[in-house]
J.: 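Have a look at this one.
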Amino acid sequence: MALPENFLSKSLARVQPSATIAVTQKARDLKAQGRDVIGLGAGEPDFDTPDNIKAAAIDAINRGETKYTAVDGIPELKEAIAAKFKRENGLDYAVDECFVAPGGKPIIYNAMMATLNPGDEVVIPTPYWVSYPDIVLLAGGEPKFAQTTIETSFKLTPEALEAAITPKTKWLIFNSPSNPSGAAYSRDELKKLTDVLMKHPHVWVLTDDMYEHLVYDDFEFVTPVQVEPGLKDRTLTMNGVSKAYAMTGWRIGYCAGPKELIGAMRKLQSQSTSNPTSISQWAAVEALNGTQDFIPTNAAVFKGRRDLVVSMLNQATGIECPTPEGAFYVYPSCRGLIGKKTQDGKVIDSDEAFATALLEQEGVAVVHGEAFGLSPFFRISYATSTEALEDACARIQRFCASLT
Ligand code: PLP
């Protein structure tokens with residue numbers, strides 16, 4: 001039965017379902033039909049959650065830590081978060097400036113819902129993580145895109161940031177290492193951006209540091225407040241356990257920022273999800289306080305896969321694949337293939353047409369760049385086995401060579 005007219009909210013009508021989830025689902029459907037499909041769409045580590053973290057969750061269940069907790073997280077986790085920011089980023093946050101939510105995504109959602117009014121603008125560099133613009137739209141704000149280019153390795157320039165800021169700008173959403181490009185900003189590159197931000201005291205910064213621990217070749221991760229302490233009273237520093245500790249399903253994200261903003265987010269969370277899962281919170285305490293040995297081991301595996309994928313893609317006709325500093329994505333250009341035809345006569349006139357034909361012809365699922373706001377590119381997640389990546393890249397090479 002169809003829903004009554006005007007039943008769905010106007011704010012929901014402003015947003016799109018997640019393109020990355022759609023590609024993952026399409027690959028799953030094709031597999032269910034018996035097709036040999038390699039999915040490179042999913043943004044989650046293929047590793048299992050480390051045993052010490054699982055054991056902490058089981059202990060929590062056995063101790064009866066199965067009740068409501070404080071809305072913004074148990075004190076033990078907020079203390080572990082404050083200690084993490086001090087230890088890893090040199091940042092001093094009090095426990096009441098720390099906040100826990102059911103994932104990194106709800107941190108961004110809470111921050112935008114708590115602060116945006118109609119007409120407020122949020123600067124989002126492209127290519128962006130698919131959820132940023134839609135969260136801003138849901139919260140009633142206006143995304144303002146600041147384009148990057150492959151020539152600047154998909155990094156925002158100070159000029160592009162300056163040009164995107166208006167008197168209506170409330171936030172910049174900053175993400176390094178980036179989903180989808182993998183680009184990460186060095187201290188010098190970031191300082192040039194924070195210098196621009198210092199000239200615009202009305203602009204707040206939401207920095208999404210989810211991929212902090214996935215950086216390669218001795219790259220030094222830095223977060224905006226570390227580079228420019230003068231931004232601390234208008235920055236929300238966000239992070240989570242999903243990617244670094246292979247805990248996507250546990251749903252724990254966290255942040256630190258000015259107490260009044262944290263209070264507003266707490267008020268919102270108290271009337272939406274309430275506290276994140278008690279058991280996952282105890283697991284996250286162990287993730288942050290326990291051994292960190294897992295992180296470099298996994299980063300080494302990801303680095304090997306990144307190098308393999310970059311090298312194999314650069315051998316494919318018409319593909320140009322920069323080497324990103326971090327995360328587990330590459331964002332190659334398919335510009336050299338636009339205008340070509342598949343064997344059955346379909347014209348590759350966009351990155352979406354490229355991704356669709358690649359899936360149909362070779363069973364490789366990638367996400368087209370338009371979904372991330374920058375074409376003609378596509379995103380590959382290399383958070384899958386080395387064998388699958390080798391096979392997928394060989395199929396991409398064959399696909400590209402078959403176009404005329
Ligand atoms: N931020 C970025 C850049 C991401 O790529 C993701 C997940 O893909 C998230 C935030 C959300 O993380 P979580 O799964 O903890 O909600």
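All heavy atoms count here, side chains included; hydrogens, waters and symmetry mates do not. In listed order, ligands and their atoms are each counted from 1. Remember, it's a predicted structure, so these values are computed and weren't measured experimentally.
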J.: Test your reading of the structure: does G104 have an N or O sitting under 3.5 Å from an N or O of ligand 1?
T.: yes

J.: To check your reading of the model: name the closest protein heavy atom to atom 2 (C) of ligand 1, its residue, and the distance in Å.
T.: D208 OD2, 3.3 Å

J.: Polar-atom distance check: S242 versus ligand 1, any N or O pair below 3.5 Å?
T.: yes

J.: I'd like to check which ligand 1 atoms, numbered from 1 as shown, lie under 4.0 Å from a non-hydrogen atom of M210.
T.: 1 (N), 10 (C), 11 (C), 12 (O), 13 (P), 15 (O)

J.: In Å and rounded to the nearest 0.5 Å, what is the CG to NZ distance from N275 to K67?
T.: 12.5 Å

J.: Enumerate the atoms of ligand 1 whose separation from the nearest heavy atom of G103 is less than 4.0 angstrom.
T.: 15 (O), 16 (O)

J.: When you measure from the side chain of K340 to the backbone N and O of C400, does any donor-acceptor pair fall under 3.5 Å?
T.: no

J.: Touching ligand 1 at all, Y132? Heavy atoms, strictly under 4.0 Å?
T.: yes

J.: At a 4.0 Å threshold, what atoms of ligand 1 neighbour a non-hydrogen atom of K243?
T.: 5 (O), 6 (C), 7 (C), 8 (O)

J.: For F47, run the ring-ring contact (aromatic ring centres under 6.0 Å, His included) check against F302, Y245, F328 and tell me which one passes.
T.: F302

J.: Under 4.0 Å, counting heavy atoms only: does E44 come that close to any atom of ligand 1?
T.: no

J.: Would you say ligand 1 has an N or O under 3.5 Å from any N or O of T248?
T.: no

J.: Please state which protein non-hydrogen atom is closest to atom 14 (O) of ligand 1 and give its distance, to 0.1 Å?
T.: R251 NH1, 2.9 Å

J.: Looking at atom 6 (C) of ligand 1, what's its closest protein heavy atom, distance included?
T.: W129 CZ2, 3.4 Å

J.: With heavy-atom distances below 4.0 Å as the criterion, list the atoms of ligand 1 near N175.
T.: 3 (C)

J.: Going by the salt bridge (Lys or Arg N to Asp or Glu O under 4.0 Å) test, name the single residue among D72, D96, D233 that passes it with K259.
T.: D96

J.: I'd like to know if the side chain of Q269 and the backbone of V71 have a donor-acceptor N/O pair within less than 3.5 Å.
T.: yes

J.: Compile the donor-acceptor pairs under 3.5 Å between side chains in residues 166-176 and protein atoms, sequence neighbours left out, one pair per line.
T.:
| unit_1 | atom_1 | unit_2 | atom_2 | d |
| --- | --- | --- | --- | --- |
| T166 | OG1 | E121 | OE1 | 2.8 |
| T166 | OG1 | K168 | N | 3.0 |
| T169 | OG1 | T166 | N | 2.7 |
| T169 | OG1 | T166 | O | 3.0 |
| K170 | NZ | T115 | O | 2.7 |
| K170 | NZ | D120 | OD2 | 2.8 |
| W171 | NE1 | T115 | OG1 | 2.9 |
| N175 | OD1 | N179 | N | 3.0 |
| N175 | ND2 | P177 | O | 3.2 |
| N175 | ND2 | D208 | O | 2.9 |
| S176 | OG | Y185 | N | 3.0 |

J.: With side chains defined as the heavy atoms from C-beta onward, is the minimum distance between P127 and F154 less than 4.5 Å?
T.: yes

J.: Return yes if some donor-acceptor pair links the side-chain N/O of Q271 with the main-chain N/O of K267 below 3.5 Å, else return no.
T.: no

